[in-house]
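Only one structure is covered here, and it is reproduced in the block below.
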Amino acid sequence: MFRIERPLGLALMIAMTAAPAAGQSAKDAPITIAVDIAAAGPKIDRNLFGQFAEHLGTGIYGGVWVGRDSSIPNVRGIRKDVVAALKAIKVPNVRWPGGCFADEYHWRDGIGPAKNRGVSINSNWGGAIEPNSFGTDEFFDFIDQIGSEAYVSVNVGSGTVKEAADWMAYMTADAKTTAGKERAANGHPAPYKVKYLGLGNETWGCGGSYTGAEYVALMRPFARFVRNYNPAQTGEETMQRIAVGPDGKGTDYTEAVMKAQKEHNWAWNIEGLSLHSYTTAGWPPAYASENFDEAAYATLVKAALNMEDLVKTHAAIMDKYDPGKKVPLVVDEWGVWLKPTAGTDPGFLQQQNSLRDAIIAAIHLNGFARHADRVKMSNIAQMINVLQAMILTDKDKMILTPTYHLFKMYVPFQDATFVPAKFNAGTYTHAGATLPRVDAIAARDTAGKMWLTVTNVDPNRPVRIDARFAGLTVRGARGEVLTAPRFDSVNSFAAPDAVSPKPFVGTPSRGGVTLDVPAKSVVVVQIDE
Ligand code: AHR
């Protein structure tokens, strides 16, 4: 409940004498956030802000790919509006082609001239026809256009080691080889860079229902033989192999994979362990994505807090096998999973995205940042039109969701240095759910500037924050606030800017800064030193 138990003494007493924020009850004392600027923490890896794009519903077809002949403005078939929007949030990596889809994906169906593309059925997601018009070369074109890295998941579930190895050769081998020649004939002589390689997906579920030990035996030959031949991928650029890890419940995979990694011989290794967990509060997902009440708001925000507990649990197991923290935890599927939008194909997992979801995203990102020594990458599910999306499209129209705006506000935290902040979060209680009222993280960006983000979870009470930076001369704070009239406010095609960031200014106060943070909002400010 409380981030710290230690009273903050003088700083808190000074803060308590300040006048309350507009709308704040006189009995609400300000919350003091003490930022320990002398205690620099780990780097908040920019990959924590990664995306996931599966062949699912209109996530790819319609969302990214419209085809070269479309009247929707595109570059080589890829939507221009979507590319521009994604560039603005500096997407560090995109996980593709799935998800469950990846375990039935056969890469050869998706290369070469249109007439050679295999047409199949997307058995996981609504039985949709998969035209394979968006395949390997289109994916690399897309990530090149948005300036992102590739996180490719190979088919471990229904494919073979040879199929995956051949795919990797197609992507990365020299153009003098047979595989490289084929790529060159398809328009790309230079090897692609595959920075991250997923060795299967949810092998405890849709990926084959294996135990942790069974998965280790299955995965090892993939880790050994799916070789990256790109000569430029050495040192920092070396490909990282990410093994399947736990779901939100058991620890079998974490134990089995980390034990195997500790005992690995020269012939194989992994450089990451995946974790998947969605915010649902029950299964199947029954909570609405719009027009919901405060009980639904409180329940799902509370459910989102589970992620940081999961990270702690699995990080502790990983520490046992890997005390040097060489193997990162990669949360490559997370987000709010809600009831599908009425009138849409339930297999397309389409849902609206409200202010609540942006608050939930902030809670996740803050939790990952607090464990940035172990969590080096995360991928929100999913980028466009699916689950907790950044972007919704409808034919030629596109809107940016509250979660998109949150990701944009957090751009300064990419590769920033985490700076510990202590605060008493207070509580927000509704319908039997009690949760911390406030969350916050601080960091120094790559240019040395100090940033602070504060989330006020309470939908009814604004909060005055008294932010202290011992040793800094603070002149003020400027940034943005994301809020809306209601916690279930959404952006729609009719009202695309109902939830969008507005300028926000803090006021200097005795060596610190006062931030009047509205109810149900996220504030991100740069501290003027
Ligand atoms: O993101 C939707 C699905 O959720 C993914 O395909 C799967 O990996 C997970 O269960």
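Residue numbers run from 1 in the order of the sequence given. Indexing begins at 1, ligand by ligand and atom by atom, following the structure's order.
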Checklist entry - Which residue pairs pass the ring pair (Phe, Tyr, Trp, His ring centres under 6.0 Å) test with at least one member in residues 387-412, sequence neighbours excluded? => result Y410-F413
Checklist entry - Can you tell if the side chain of I384 reaches within under 4.5 Å of the side chain of Q51, non-hydrogen atoms only? => result no
Checklist entry - Is any side-chain heavy atom of E271 less than 4.5 Å from a side-chain heavy atom of Y196? => result no
Within the protein, flag every N or O under 3.5 Å from an N or O of ligand 1, and note the pair and distance.
from     : atom 1 : to   : atom 2 : distance (Å)
ligand 1 : 1 (O)  : Y278 : OH     : 2.7
ligand 1 : 1 (O)  : Q382 : NE2    : 3.0
ligand 1 : 4 (O)  : Y278 : OH     : 3.4
ligand 1 : 4 (O)  : E333 : OE1    : 3.2
ligand 1 : 6 (O)  : E54  : OE1    : 2.7
ligand 1 : 6 (O)  : E54  : OE2    : 3.0
ligand 1 : 6 (O)  : C100 : N      : 2.9
ligand 1 : 8 (O)  : N201 : OD1    : 3.3
ligand 1 : 8 (O)  : N201 : ND2    : 3.0
ligand 1 : 8 (O)  : E202 : OE2    : 3.2
ligand 1 : 8 (O)  : E333 : OE1    : 3.1
ligand 1 : 8 (O)  : E333 : OE2    : 2.7
ligand 1 : 10 (O) : E202 : OE1    : 2.7
ligand 1 : 10 (O) : E202 : OE2    : 3.1

Checklist entry - Looking only at side chains, do S153 and Y105 share a donor and an acceptor under 3.5 Å apart? => result no
Item to check | With sequence neighbours excluded, residues passing side chain to side chain donor-acceptor pair (under 3.5 Å) with Q350 | outcome: none
Next on the checklist: Going by the rule salt bridge (Lys or Arg N to Asp or Glu O under 4.0 Å), which residues pair with E104 if we only count those two or more places apart in sequence or in a different chain?
Outcome noted: none
